[in-house]
Undergrad: 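Can you read through this structure? Questions will come right after.
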Amino acid sequence: MNLAESKVGTRAIYQPGASSIEGLPTALQMFHAHPPVMAMPHWHAQVEVNYVMRGTVHYRMSDHEFRLNAGEMCLFWGGQPHQMDESSDDSLYAGAHLPLVYFFRLRLPIGISSRLMKGETLVTSATDAADNENFTRWFRYANSGDSAKAQHAVDELLLRIERIALEPYSMTSQAIVNLEGDHPHPHSSRSVARMCDFIAANFLQDIDSVDIARAADLHPKYAMNLFKRSTGMTLSKYVTLLRLSRAQAMLMSEGANVLQVAMDSGFGSISAFNKSFRHIAGMSPSNFRRDIRLVTTIPSGTFRN
């Protein structure tokens, strides 16, 4: 994560960057740090896993908000604009950002995965001391430079996420029970993962549903229906989200040129880029670039409305 020190306040403020989750939308990244507040909502093309080890944090999502205390964990789809607008001085959290290619390899009940992709948040307090130790070790392994350790960390993390469904948890508005037999068909999950693999490798290129379906050995119409049923998004919307995530980070670069950002992010025209960016951010790329730079000069205590 990139942190920018406020010129007025003393708290660090989170900013997107070229090496951050926004700039690398197809990478699985783990974190273990004091969570910095966000000056503005951001988005990224990964499912986010946050485990609060100490202190408390508060999140604002597109249509709900929630607070996590020490010992609580949450999962949510990062493709919706979201903002951590409170973080206690003593807070410490750990977790990861999972690209969809990893998420759809998880053996989670459809009742969880489909609701997450529609914008709900899963929260659980079914954690223990082992989670503190494991999340710390996974972060250390993932950043060790040892590929075997990094893979081991990923494998253990994915198993831990699957275990969430075996213990008490709640979704945004109501508690739900574990659903016997409510698991996605293995073939469908593998097909979605293969499509995500191809998109991750080629989203900056001029690709369409025919190219994506061919990579997964599927008929285009079936591929489009399967992806929409599994993720709540069309194939083209997911490709656009990856491009917008990258563009969001590039706009933070000093002297970033909006036209160049559009081209380097895979958009065929500045008009298509402006329309897509405005749809998710509620403002033009130029205004986003201006506002994110302005708010980093405001004390962090003023972020909550």
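One is the number of the first residue; the rest follow in order along the sequence.
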Undergrad: Counting only heavy atoms not in D90, do more than 12 sit closer than 6.0 Å to its CG atom?
TA: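 Yes, the 6.0 Å shell around CG holds more than 12 heavy atoms from other groups.
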Undergrad: Looking at every heavy atom in both Y93 and V52, which two are closest together, and how far apart are they?
TA: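 Where Y93 meets V52 most closely, the heavy atoms are CB-CA, 4.1 Å.
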Undergrad: Apply the test side-chain contact (heavy atoms from CB on, under 4.5 Å) to residues E48 and L116: give CA-CA distance (whole Å), side-chain angles for both, the deciding distance (0.1 Å), then the verdict.
TA: CA-CA 10 Å; E48 188 162 339; L116 287 175; over 6 Å; no
Undergrad: Report yes if some heavy atom in the side chain of Q248 is under 4.5 Å from a heavy atom in the side chain of H44; otherwise report no.
TA: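 No, their side chains stay 4.5 Å or more apart.
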Undergrad: Check for me whether the distance between the ring centres of F227 and Y238 falls short of 6.0 Å.
TA: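 Between F227 and Y238, the centre distance is under 6.0 Å.
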Undergrad: Could you give the distance from OG (S209) to CZ (R214), rounded to the nearest 0.5 Å?
TA: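 Reported value, rounded in 0.5 Å steps: 10.0 Å.
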Undergrad: To the closest 0.5 Å, what do you measure between CD1 (I212) and CZ (R194)?
TA: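 It is 13.5 Å, given to the nearest 0.5 Å.
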Undergrad: Is any side-chain heavy atom of M30 closer than 4.5 Å to one of F135?
TA: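 F135 vs M30: side chains apart.
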Undergrad: Let me confirm one number: the CD1-CD distance from I270 to Q260, rounded to the nearest 0.5 Å.
TA: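 I270 atom CD1 to Q260 atom CD measures 10.0 Å (nearest 0.5 Å).
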Undergrad: Is there a donor-acceptor pair closer than 3.5 Å between any side-chain N or O of T124 and the backbone N or O of P168?
TA: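 Flag set: sc T124 to bb P168 pair under 3.5 Å.
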Undergrad: Just by distance, with hydrogens left out, do H58 and E65 show a side-chain donor and acceptor under 3.5 Å apart?
TA: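 Yes, E65 and H58 have a side-chain donor paired with an acceptor closer than 3.5 Å.
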Undergrad: Can a donor-acceptor pair be found, under 3.5 Å and without considering hydrogens, that links the side chain of H34 to the backbone of S91?
TA: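 Such a contact is found between H34 side chain and S91 backbone.
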Undergrad: Should F198 and I207 count as side-chain neighbours, where that means a heavy-atom distance under 4.5 Å?
TA: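 F198 reaches I207 side chain to side chain.
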Undergrad: Can S286 and S284 be counted as having a side-chain donor-acceptor contact under 3.5 angstrom?
TA: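 Per modelled atom types, S286 and S284 side chains form no pair under 3.5 Å.
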Undergrad: Any donor-acceptor pair under 3.5 Å linking the side-chain atoms of S62 with those of H82?
TA: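 S62 and H82 do not have a side-chain donor-acceptor pair below 3.5 Å.
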Undergrad: Strictly distance-based, threshold 3.5 Å: is any side-chain N or O of S265 a donor or acceptor partner for the main-chain N or O of V261?
TA: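 Here the side-chain-to-backbone pair exists.
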Undergrad: Are F103 and I161 close enough that some pair of their side-chain heavy atoms sits under 4.5 Å apart?
TA: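 Side chain of F103 against side chain of I161, heavy atoms only: no contact under 4.5 Å found.
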Undergrad: So do L244 and H279 actually touch side chain to side chain, heavy atoms under 4.5 Å?
TA: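 Answer no - side chains too far apart.
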Undergrad: Can we call the ring centroids of Y141 and W138 under 6.0 Å apart?
TA: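 No, too far apart.
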Undergrad: What pair of heavy atoms forms the shortest contact from P285 to V258, and how long is it?
TA: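 Between these two residues, the closest heavy atoms are CB-CG1, 4.0 Å.
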Undergrad: Do you know which two heavy atoms are closest between A45 and S245, and how far apart they sit?
TA: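 Closest approach of A45 to S245: N-OG, 4.2 Å.
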Undergrad: Check whether D131 reaches the backbone of D128 with its side chain - one donor and one acceptor, N or O, closer than 3.5 Å.
TA: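 It does hold such a pair.
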Undergrad: How long is the span from the CG atom in N143 to the NZ atom in K149, to the nearest 0.5 Å?
TA: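 The CG atom of N143 sits 12.0 Å away from the NZ atom of K149.
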Undergrad: Would a distance-only check, ignoring hydrogens and angles, find a side-chain to backbone donor-acceptor pair under 3.5 Å from E120 to M171?
TA: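 Not a single qualifying donor-acceptor pair exists.
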Undergrad: Verify whether the ring centers belonging to W43 and F76 lie closer than 6.0 Å.
TA: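 Ring centres of F76 and W43 not closer than 6.0 Å.
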Undergrad: Tell me whether D197 is salt-bridged to R190, with the criterion being a basic N under 4.0 Å from an acidic carboxylate O.
TA: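 So D197 does not pair with R190 through a salt bridge.
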Undergrad: Is there a side-chain contact (heavy atoms from CB on, under 4.5 Å) between L158 and L98? Walk through the geometry before answering.
TA: CA-CA 9 Å; L158 297 180; L98 301 179; 4.1 Å; yes
Undergrad: Before giving the answer on salt bridge (charged side-chain N to carboxylate O under 4.0 Å, His left out), spell out for E156 and R137 the whole-Å C-alpha distance, their side-chain angles and the decisive distance to 0.1 Å.
TA: CA-CA 10 Å; E156 285 195 0; R137 176 170 49 80; 3.0 Å; yes
Undergrad: Could you check Y102 against V47 for side-chain contact (heavy atoms from CB on, under 4.5 Å), going step by step and ending with a plain yes or no?
TA: CA-CA 9 Å; Y102 289 93; V47 171; over 6 Å; no
Undergrad: What distance separates T234 OG1 from N225 CG, expressed to the nearest 0.5 Å?
TA: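 T234 OG1 to N225 CG: 11.5 Å, rounded to 0.5 Å.
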Undergrad: Tell me, do R160 and M73 make a side-chain contact under 4.5 Å, heavy atoms counted?
TA: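 A side-chain contact under 4.5 Å exists here.
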Undergrad: Are L204 and L259 linked, directly or through intermediate hydrophobic residues, by side-chain heavy-atom contacts shorter than 4.5 Å (ILVMFWY only)?
TA: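 Per the 4.5 Å side-chain linkage, L259 and L204 are co-clustered.
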Undergrad: Indicate, with yes or no, if F104 and Y222 share a hydrophobic cluster defined by side-chain heavy-atom contacts under 4.5 Å among Ile, Leu, Val, Met, Phe, Trp and Tyr.
TA: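 In one cluster: yes.
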Undergrad: Check for a donor-acceptor pair, side chain of D211 on one end and backbone N or O of D208 on the other, with a separation under 3.5 Å.
TA: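 It does hold such a pair.
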Undergrad: Quick check, are the ring centers of F288 and F277 under 6.0 angstrom apart?
TA: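 Yes, close enough.
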Undergrad: Could you please spell out the steps behind the side-chain contact (heavy atoms from CB on, under 4.5 Å) verdict for V239 and N202?
TA: CA-CA 9 Å; V239 172; N202 297 279; over 6 Å; no
Undergrad: Tell me whether N287 contacts the main-chain N or O of M283 through its side chain, where contact means a donor paired with an acceptor under 3.5 Å.
TA: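 No: the side chain of N287 does not pair with the backbone of M283.
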Undergrad: Would you call R246 and D264 a salt bridge, taking side-chain N to carboxylate O under 4.0 Å as the test?
TA: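 No, no charged N to carboxylate O under 4.0 Å.
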Undergrad: Could you tell me whether the side chains of D85 and Y59 share a donor-acceptor contact shorter than 3.5 Å?
TA: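 There is no such pair (donor and acceptor under 3.5 Å, judged by atom type) between the side chains of D85 and Y59.
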Undergrad: Between R67 and E72, does any side-chain N to carboxylate O distance fall below 4.0 Å?
TA: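 No salt bridge links R67 with E72.
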Undergrad: Check for me whether the distance between the ring centres of F31 and H97 falls short of 6.0 Å.
TA: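 They qualify: ring centres under 6.0 Å apart.
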Undergrad: Do W77 and L100 touch side chain to side chain, with heavy atoms closer than 4.5 Å?
TA: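 Result yes, sub-4.5 Å side-chain heavy-atom pair found.
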Undergrad: Test of understanding: with side-chain hydrogen bond (donor to acceptor under 3.5 Å, both in side chains), list the residues that count as partners of H64, not counting sequence neighbours.
TA: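 In terms of side-chain hydrogen bond (donor to acceptor under 3.5 Å, both in side chains), with neighbours along the sequence ignored, H64 is linked to T121.
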Undergrad: If you measure from NZ on K118 to OG1 on T172, what distance do you get to the nearest 0.5 Å?
TA: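 That separation rounds to 12.5 Å.
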Undergrad: Using atom types as modelled and distance alone, determine if a side-chain donor or acceptor of S87 lies under 3.5 Å from a backbone N or O of P35.
TA: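 Present.
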Undergrad: I want to check something: taking the side chain as every heavy atom from C-beta on, are F267 and R243 in contact at a cut-off of under 4.5 Å?
TA: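 When only atoms from C-beta onward are counted, R243 and F267 do touch, with a gap below 4.5 Å.
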